[in-house]
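Just so you know, residue 1 is the first one in the sequence shown, and it goes up from there.
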Amino acid sequence: QRLQYEFALAGLQSRTVELVPDATAEIGFFASYLDDHPAASGPDDAERVRTIVSSGWSRISRRQPESSAEPSVFGRSPWLHGSPPTTADWDAWFPGPRRHEERGADGGALAFFHGADTHAVARRKEETVRRPHGHVLRSGEPRWIDGSHVGITCYAAGIFAAQAYLGNPNLARLLSVVRNHLNVTRAGGQRVFVLAGGEWRQLGVPSVFAMTPSEARWIYRLEDGVVEGRAWCSARRAAAFLELRVTAGAPREFLITHQLALGANECDARGELHIHADAGWMACRLDPQGFTMKHLPGLCFAIAAAEPENLAAVSADELLYADGVRRGGPYAVVHTRPVTRCGVILLGSLDGTTALPSEVAGARRDWAARGDAARALDAPVRLVGGADPAVARIDEILPWFAHNAGIHFSAPHGLEQYGGAAWGVRDVCQGSVEWLLAAGEWATVRRVLATVFAQQYPHDGGWPQWFMHPPFHAIQQSHSHGDVCLWPVKALCDYAEAAADLRFLAQGIGYTDPERFEPTGPRETLWAHCDRVLAHCEARFVSGTALINYGDGDWDDTLQPAEPAMRTRMISAWTVALAYQTFRQLAD
């Protein structure tokens, strides 16, 4: 039985072995790697395996390799999980009434809503779900894709910030992503260690993980005290904050580690670190010759202690060893003295490293003042009849839907699908436009439609499946599924109806060159753009019908024809129904 979601694997299973008490058995598995294997597997591969096995190559060697390497802090530090909360803990941490409570078989609290907009999750629930609890946060306002916001991803199990980026979640990363949701890889992103009993211990699953749409909070009840962590992003600055507090017990010494990506992936490229030890911060730059920096030459980051006076050290391991070979790093580390409160700031800038000192100083002032956290777009969407329990449950979740919609719209990526940073034409015209229309954000919808229609290709009236925004606009998937061409037209009609604005359809908008992916002409009204979609669909009619052919797929991304001829012969009932609805709406 496969329990652990979408792990792809190749498995080898031994024969059954029955052991009497105190008996042992050895079972060996072996692997052989080829430098290149372009063809599909076949009988020759089976013969190759027989040759390898019969050669004696696979005989077990009981000699263990000797290693003088000192294990890293991630390898030698035991986990420090929070103890399950007591009834007194719950009352102290979340006083007052709780809503929509979940309870376990023994009656103990698993999760609930509290206060204005807090959702609290107990350790017991985090331990039992197959997908970890997490949160995606960003600075500023989610009204547009802008290149000057910072975002982070937080997970309950002691991952205080991962995939920290500026503007583009794929290409402009400061910190690495979390590549294993079982927390087997213990170094990814931002991690926290506590000195306990003379050894470092890594904070893991908290007693409680609490979220609002604008922050994440970890509460650890330990044997000798309580430690809390809080992460949020600035409302007005490209900065993310982590605050650590000792709310019960003696002051503690913290070690906060950061696995640096400095690009799309950790360990892929060089980077530059400039450590300002006395001032308690370090500047981080991507490889100046790399792809991202050629498009964003001023891109840089800072990792700063919020209160330099509490620091014992700020340091990093070297990006390259003396022989020029990278061996698993780099890490930026903030080491504190024994404290009751400390913090770390992750800061991004497009103005080069010379601007960082003043930016760090401003972010430290914000942190000291417990600056406002960035919030979701305030969508005035509420249900009538909130006194009804069923309606109240939906009303409770609407701010969270607004937050998720804002991330999907303005910084496209997620907890599991962490790659993104592009608009899918179908996605933004569907969920995002409908969300913005419900919120009455007419100006933003007009801007979305103008941007999407400017991506239309003039030669066939179609669109890319997805596209990135400047300065990475040349990155786009030029082929699209067969239904994609309909969504911009539908979104345009939805807007015209909701806003009673037909004049917008007379606005002139250009196209995108399908070879260079740069803006091109002619500049035509949105009516003319829709005419090109009509011509595109008529050209795809299956012979003798008015039914649009399947093309490169439909809304179900998994159903793409392997046989090229089927793309022109086959019909998707989904696409035809969407076309009928869209063109009737356009005609009206």
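Ring geometry for Trp423 versus His469: interplanar angle over 60°, hence perpendicular rather than tilted (30 to 60°). Using the six-membered ring where Trp is involved, Phe472 and His295 have ring planes that are tilted, between 30° and 60° apart. Note on ring orientation: taking the six-membered ring where Trp is involved, the planes of Phe113 and Trp400 are perpendicular (angle over 60°, cut-offs 30° and 60°). Ring geometry for His149 versus Tyr165: interplanar angle over 60°, hence perpendicular rather than tilted (30 to 60°).
Distance check: Ser139 OG to Leu346 CG gives 11.5 Å after rounding to the nearest 0.5 Å. Interatomic distance, Cys300 SG to Leu350 CG, rounded to the nearest 0.5 Å: 8.0 Å. Note that CH2 of Trp218 is 6.0 Å distant from CZ of Phe160, once rounded to the nearest 0.5 Å. The distance from atom CZ of Arg364 to atom CD of Glu307, rounded to the nearest 0.5 Å, is 9.5 Å. Here Ser83 contributes atom OG and Glu223 contributes atom CD; the two are 7.0 Å apart, rounded to the nearest 0.5 Å. For the atom pair CZ (Phe241) and OG (Ser234), the distance works out to 5.0 Å, reported to the nearest 0.5 Å.
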Pairs under 3.5 angstrom only: tabulate donor-acceptor contacts from the side chains of residues 245-252 to other protein residues two or more places apart or in another chain.
| from | atom 1 | to | atom 2 | distance (Å) |
| --- | --- | --- | --- | --- |
| Arg245 | NH2 | Glu228 | OE1 | 3.4 |
| Arg252 | NH2 | Asp224 | OD1 | 2.4 |
| Arg252 | NH2 | Asp224 | OD2 | 3.4 |

In residues 278-289, what donor-acceptor pairs under 3.5 Å come from side-chain atoms, sequence neighbours left out?
| from | atom 1 | to | atom 2 | distance (Å) |
| --- | --- | --- | --- | --- |
| Arg285 | NH1 | Glu272 | OE1 | 3.2 |
| Asp287 | OD1 | Gln289 | N | 3.0 |

Indicate every side-chain donor-acceptor pair of residues 116-126 with a distance under 3.5 Å to a residue at least two apart or in another chain.
| from | atom 1 | to | atom 2 | distance (Å) |
| --- | --- | --- | --- | --- |
| Asp117 | OD2 | Arg375 | NH2 | 3.2 |
| Arg123 | NE | Glu127 | OE2 | 2.5 |
| Arg123 | NH1 | Gly82 | O | 2.5 |
| Arg123 | NH2 | Glu127 | OE2 | 3.1 |
| Arg124 | NH1 | Asp106 | OD1 | 3.3 |
| Arg124 | NH2 | Asp106 | OD1 | 3.2 |
| Lys125 | NZ | Glu102 | OE1 | 3.1 |
| Lys125 | NZ | Glu102 | OE2 | 2.8 |
| Glu126 | OE1 | His133 | N | 3.1 |
| Glu126 | OE1 | His133 | ND1 | 2.7 |

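Trp93 places a side-chain heavy atom less than 4.5 Å from the side chain of Ser207. Inter-residue side-chain proximity for Val333 and Ile256 is flagged as unmet; no heavy-atom pair is nearer than 4.5 Å. Contact of the Tyr418 side chain with the Thr153 side chain is not registered, since no non-hydrogen atoms from C-beta on lie closer than 4.5 Å. Counting heavy atoms from C-beta on, the side chains of Cys233 and Ile152 come closer than 4.5 Å. No side-chain heavy atom of Leu166 sits less than 4.5 Å from a side-chain heavy atom of Leu296. Side-chain contact between Phe254 and Pro338: absent, with no pair of heavy atoms (C-beta onward) separated by less than 4.5 Å. A heavy-atom distance below 4.5 Å is found between the side chains of Phe409 and Trp435. For the pair Thr24 and Leu19, the minimum side-chain heavy-atom distance is 4.5 Å or more.
A cation-pi arrangement is present between Arg230 and Trp232 under the rule of less than 6.0 angstrom and at most 45 degrees off the ring axis. Figure legend: Arg186 and Trp79 shown as a cation-pi pair, the cationic atom lying under 6.0 angstrom from the six-membered ring centre and within 45 degrees of its axis.
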*Kindly determine whether Leu273 and Leu262 satisfy side-chain contact (heavy atoms from CB on, under 4.5 Å), including the steps that lead there.*
CA-CA 10 Å; Leu273 299 184; Leu262 298 181; 4.3 Å; yes

*Go through the steps for Gln259 and Arg191 under the test side-chain contact (heavy atoms from CB on, under 4.5 Å), then give the verdict.*
CA-CA 9 Å; Gln259 186 181 53; Arg191 305 297 185 117; over 6 Å; no

*Start with the C-alpha distance between Gln202 and Leu255, add both sets of side-chain angles, then the distance that settles side-chain contact (heavy atoms from CB on, under 4.5 Å), and finish with yes or no.*
CA-CA 9 Å; Gln202 185 174 0; Leu255 191 72; over 6 Å; no

*Should Ser410 and Arg143 be marked as a side-chain contact (heavy atoms from CB on, under 4.5 Å) after you check the CA-CA gap, both sets of side-chain angles, and the distance that decides it?*
CA-CA 7 Å; Ser410 68; Arg143 276 186 160 81; over 6 Å; no

*Decide yes or no on salt bridge (charged side-chain N to carboxylate O under 4.0 Å, His left out) for Glu101 and Arg103, but give the supporting numbers first.*
CA-CA 6 Å; Glu101 284 190 279; Arg103 293 191 172 273; 3.0 Å; yes

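Taking each heavy atom of Leu347 and Ala363 in turn, the nearest pair found is CD1-CB, 4.3 Å. Scanning all heavy atoms of the two residues, the minimum distance from Leu137 to His403 falls at CD2-CE1, 4.4 Å. The two residues Asp268 and Asn265 have their closest heavy-atom pair at OD2-ND2, 3.1 Å. Scanning all heavy atoms of the two residues, the minimum distance from Ala172 to Leu299 falls at CB-CD2, 3.8 Å. What you find for Ala239 and Val150 is that their closest heavy atoms are N-CB, 3.9 Å. Contact record, Glu309 with Arg337: O-NH1, 2.8 Å, taken as the closest heavy-atom pair.
Residue pairs meeting the side chain to side chain donor-acceptor pair (under 3.5 Å) criterion with at least one partner in residues 348-361, sequence neighbours excluded, are Arg237-Glu359. Here ring-ring contact (aromatic ring centres under 6.0 Å, His included) pairs that include residues 335-366, with residues two or more places apart or in two chains, are Trp200-His335.
A search for ring pair (Phe, Tyr, Trp, His ring centres under 6.0 Å) contacts involving Phe112 returns Trp90, Phe94, not counting sequence neighbours.
Counted within 6.0 Å of CZ on Phe74, heavy atoms from surrounding residues, nucleotides or ligands total more than 12; the atom is thus considered enclosed.
There is no side-chain donor-acceptor pair under 3.5 Å between Gln163 and His413.
Using a distance-only test at 3.5 Å, with no hydrogens or angles considered, a donor-acceptor pair links the side chain of Asp89 to the main chain of Thr86. Counting only distance, with no hydrogens or angles, the side chain of Asn180 and the backbone of Val184 share a donor-acceptor pair below 3.5 Å.
A salt bridge is absent between Arg236 and Glu141; no separation between the charged side-chain nitrogens and carboxylate oxygens falls under 4.0 Å.
Checked options Leu171, Leu175, Asn170; the residue passing with Arg173 is Asn170 (criterion: side chain to side chain contact (heavy atoms under 4.5 Å, CB included)).
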